[in-house]
J.: 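Before I ask anything, let me first share the structure, which is written out below as structure tokens.
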Amino acid sequence: MNFTIGKRIGAGFAILIILTSVVFTLTNYTLNESKEINDAITTIYNPSITALEDLNIVIVRSKMLINNWVFIQSGEDNIYKTQLRNLIGEEYPAKKKRTLELSENWPEHQKLLIDTITNRIEELFSLHEEIMMQLNSFESYEDAMVVFMINPMIEENGEVDVATNEILSKLQFLISRQKEESTMFTTQMVESFSLLQLVVRGSGILLAIGGIIIALITTRSIVNPVNQLKTILLKLGKGLFPQEKITKRSDEIGEMSEALEDLVAGLKRTTQFSNQVGAGDFEAEFEPLSREDVLGHALLKMRNNLKDLTFKLEQDKFKVKQHSIELRQKNDELAKLSIVASETDNAVVIATPEGQLEWVNAAFERMSGFTLDEFIEEKGNNIIDTSSTDNIEALIKESIETKKSVVFESLNSAKNGRQFWVSSTLTPIFDDTNNIKKLVIIEADITERKTAEELIQRKNKAIKDSIVYAKRIQEAILPTKEFIKEALPDSFILFKPRDIVSGDFYWYSSLKGKSIIAAVDCTGHGVPGAFMSMIGNSLLNEIVYEKGLLKPSAILDNMKTGIIKSLKQKGERGESRDGMDIAICAFDHKTGMLEYAGAYNPLYIIRAIDPANKKPFKRTASSKVMEPAKIEMDPEATNEEFNLYEIKADKQPIGIHYRKSIEPFTNHKVQLVKGDAFYIFSDGYPDQFGGKLNKRFITKRFKKLLLSIQQNSMEEQGKILEKHHLEWKGGFEQNDDIVVIGVKY
């Protein structure tokens, strides 16, 4: 098979076409990829970062406004209170909606995290609304009980402080992740354009080399034979027969020698067409010599390819121009950021990786009073030497090694001698090769916050000292355990306040051969509960010692009336529902008769199993007293030796009752036998959270625990109950006051 001139030229142009196609494909792929990256940055990451930072600002403002609400006594029209309501009711829902819309394009774990954050924010705002509801008037700020309940919620490590810091921490994590992904995509776009530049340059070189090769092929295959034919034609024009013999060729030159005149005419047309195409006239008309005119058809194809390539290059030129415009816009944005850095209230310091000061913004001079030159002259030019933070060198090392910002606080001196606190965020800046370039420090003046913190600490100490003194008062009014132990030798009292003072308390009296003992659970705990316990203790003393009432139900009826009167309760909606739950027993030492009445709190009696006596509680021959039908044996609260019996309390409190009319309390009588043990208690013990799953201890476990310790003395039982409570609670907080009383007959 002969490799004709047409095939050679066709191969050359095929190479050009392949190179052109490769250039087009790579260029198109790079531009599409850059467009997708730019769309992702513009529509997802930058808006997401802005939305998350807006949400971060909302949380920071909410903390400031709720602090103002609590510590600045004001009316409902106070500007800070209005701002807080607007923030919770309007600003936050809008920010939340925008953030959740953007999160649809986030990775799944980031979606889950933003859901967790919004749920936590709503919990935080619920705490805010609770505070707002409690402090809703000038008078509420004067209410010591309200203030004392609210302050722990917003102080350091309080519920509001912990929730706010947790939310801000998670938001910062999300913001950093979004910024990292935005930076990654920007880097990819720059790399794509670098690749495009390399491809365009390489393709230009390859096209030039291809053109040279095609020119050489054309010269060797066409021009030289044509010159030979030209010489022959000149000789023919002179009427001379050529002496040279034309080598017989099986290609187009051989055909041209057979039709020389047509070839000359065709070459003229071809030359003219080529000049027109070379001049950029891609619409020039040209007719090949014949169907077999490989050169003519190749020139037509080259013209069309050059036309398409020129159009494509014009498009690429336009896109490059557009990209240049975008780069100028980004440079303008950087210039704006520079203005922000200069005008912000936060001081900005830029230093070398070694800590040498290079630049500070105007806010630095406003904050410290020093210009950069003045600061260097007076204090030095290295942040390691000038910082008042002792471990600044270690902090710089940590930030560089972890490639993360570090935050620290320090006390500084201004030029005029003023002492001020700043919170500094030190951030290392790295280049594309991961080498440290600069250190950037942003400083915020937190003097007011530190002053407020010191004030709060002093107030907290004063409050705590007052509560400790209140504890002494409360302990003084309670009967001593030694006094009770003397009257009831085989007994114990487990008394564990949740806070320093307690809302639960125990009470004891011995009159006319009877021991009257009560376990009382007042509304609330801490100081509010302690106030209620003092009221309850006073009423019990008045009813028993002054009025001489010894019947448990009568004591509770009088206590209910006394509490309603003391708290001025009328049963109206919105008024205080304070009161107490109580279990009270009157025990006759000689007869073993036990009387009981209860407001929500029951009585447990544990008796040894007697196979011959299947009904241990029955009417006695000497008395017509019979245990009421309410006594129940819990089928699950039993073992081989003992049964636990429960007498349920009346379902009404000592205080106003909104669901029923006031009814007398039920008086229960039980004839005890030797060895019986009875227990009264508040709900603090069974309601304690703990265990491996952090669940309530519950009444069922409490009953089984009591059954399991019946072989122990009552003093040992008290110690076992306390030990078991501490083991169950583990590392969790005690969630309520606890009082448990046990007596054996």
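FYI, the numbering just counts along the sequence from 1.
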J.: Counting C-beta onward and ignoring hydrogens, is there a side-chain heavy-atom pair between Tyr545 and Leu511 closer than 4.5 Å?
T.: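 Side chain of Tyr545 against side chain of Leu511, heavy atoms only: contact under 4.5 Å found.
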
J.: So, for Tyr596 and Phe678, is the gap between ring centers shorter than 6.0 Å?
T.: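 When the ring centroids of Tyr596 and Phe678 are compared, they turn out to be at least 6.0 Å apart.
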
J.: Which heavy-atom pair separates Pro552 from Asn667 by the least distance, and what is that distance?
T.: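 The answer is CD-OD1, 3.3 Å.
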
J.: Taking only residues two or more places apart in sequence, or in another chain, which ones meet Glu722 in a salt bridge (Lys or Arg N to Asp or Glu O under 4.0 Å)?
T.: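 Testing Glu722 for salt bridge (Lys or Arg N to Asp or Glu O under 4.0 Å), a comparison that skips the adjacent residues, returns Lys496.
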
J.: Please identify each residue that fulfils salt bridge (Lys or Arg N to Asp or Glu O under 4.0 Å) with Lys450, with sequence neighbours left out.
T.: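 So Lys450 forms a salt bridge (Lys or Arg N to Asp or Glu O under 4.0 Å) with Glu409, Glu453.
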
J.: Which atoms form the tightest heavy-atom contact between Asp504 and Ser682, and what is the distance?
T.: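 Minimum heavy-atom separation between Asp504 and Ser682: OD2-OG, 2.6 Å.
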
J.: Regarding Trp69 and Asn78, is there a side-chain donor-to-acceptor distance under 3.5 Å anywhere?
T.: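 No donor-acceptor contact under 3.5 Å links the two side chains.
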
J.: Got a sec, which residues hit salt bridge (Lys or Arg N to Asp or Glu O under 4.0 Å) with Lys692, two or more places apart in sequence or on another chain?
T.: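 None.
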
J.: I need the single residue from Thr164, Asp161, Asn68 that forms a side-chain hydrogen bond (donor to acceptor under 3.5 Å, both in side chains) with Lys63. Which is it?
T.: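 The single option meeting the side-chain hydrogen bond (donor to acceptor under 3.5 Å, both in side chains) with Lys63 is Asp161.
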
J.: Quiz question: by atom type and distance under 3.5 Å, do the side chains of Gln688 and Asn735 form a donor-acceptor pair?
T.: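 A pair is found: one side chain offers a donor N or O, the other an acceptor, under 3.5 Å apart.
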
J.: Whether the side chain of Ser566 engages the backbone of Ile563 through a donor-acceptor N/O pair (distance < 3.5 Å, no angle test) should be reported.
T.: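 No: the side chain of Ser566 does not pair with the backbone of Ile563.
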
J.: Distance-only, no hydrogens or angles: does the Glu486 side chain make a donor-acceptor pair with backbone N or O of Phe483 under 3.5 Å?
T.: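 No, because the side chain of Glu486 does not come within donor-acceptor range (under 3.5 Å) of the backbone of Phe483.
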
J.: Salt bridge (charged side-chain N to carboxylate O under 4.0 Å, His left out): which pairs involve residues 538-564, sequence neighbours left out?
T.: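 Output for this query is empty, none listed.
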
J.: Below 4.0 angstrom, N of the basic side chain to O of the carboxylate: do Asp737 and Arg498 qualify?
T.: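 No, Asp737 and Arg498 are not salt-bridged.
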
J.: Name all residues meeting the salt bridge (Lys or Arg N to Asp or Glu O under 4.0 Å) criterion together with Glu166; count only those two or more places apart in sequence or in a different chain, and write none if there are none.
T.: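 Residues passing salt bridge (Lys or Arg N to Asp or Glu O under 4.0 Å) with Glu166: Arg120, Lys170.
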
J.: Name all pairs fulfilling the salt bridge (charged side-chain N to carboxylate O under 4.0 Å, His left out) condition that reach into residues 134-145, sequence neighbours left out, sorted by first residue then second.
T.: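 Matches after skipping sequence neighbours: none remain.
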
J.: Evaluate ring-ring contact (aromatic ring centres under 6.0 Å, His included) for His589 paired with Tyr745, printing each intermediate quantity in order.
T.: CA-CA 8 Å; His589 292 265; Tyr745 175 50; 8.7 Å; no

J.: Any Lys/Arg nitrogen of Glu646 or Lys648 sitting under 4.0 Å from an Asp/Glu carboxylate oxygen of the other?
T.: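 Yes, Glu646 and Lys648 are salt-bridged.
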
J.: Would you indicate whether the side-chain heavy atoms of Ile131 and Val70 approach each other to under 4.5 Å?
T.: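 Yes - at least one pair of side-chain heavy atoms lies under 4.5 Å apart.
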
J.: Report yes if the distance between the aromatic ring centroids of Tyr604 and Tyr645 is under 6.0 Å, otherwise no.
T.: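 Between Tyr604 and Tyr645, the centre distance exceeds or equals 6.0 Å.
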
J.: Do you know which two heavy atoms are closest between Thr523 and Met532, and how far apart they sit?
T.: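 In this case the closest contact between Thr523 and Met532 is O-CG, 4.2 Å.
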
J.: Would you check if the side chain of Asp499 reaches a backbone N or O of Val501 as a donor-acceptor pair within less than 3.5 Å?
T.: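 No; zero donor-acceptor contacts below 3.5 Å.
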
J.: The test is ring-ring contact (aromatic ring centres under 6.0 Å, His included); show your working for Phe125 and Tyr92 and say whether it passes.
T.: CA-CA 10 Å; Phe125 285 168; Tyr92 167 67; 5.1 Å; yes

J.: Short question: side chain of Tyr506, backbone of Pro479 - any donor-acceptor pair under 3.5 Å?
T.: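 Yes, Tyr506 side chain to Pro479 backbone: donor-acceptor pair under 3.5 Å.
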
J.: Tell me, do Ile121 and Lys96 make a side-chain contact under 4.5 Å, heavy atoms counted?
T.: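 Result no, sub-4.5 Å side-chain heavy-atom pair not found.
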
J.: Identify the residue among Gln717, Glu716, Glu641 that makes a side-chain hydrogen bond (donor to acceptor under 3.5 Å, both in side chains) with Gln711.
T.: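 Passing option: Glu641.
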
J.: Is there a side-chain contact between Phe505 and Asp521 in this structure, where contact means two heavy atoms from C-beta onward sitting under 4.5 Å apart?
T.: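 Answer no - side chains too far apart.
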
J.: Cut-off 3.5 Å, side chains only: do Glu156 and Gln457 have a donor facing an acceptor?
T.: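 No pair is found: no donor N or O on one side chain lies under 3.5 Å from an acceptor on the other.
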
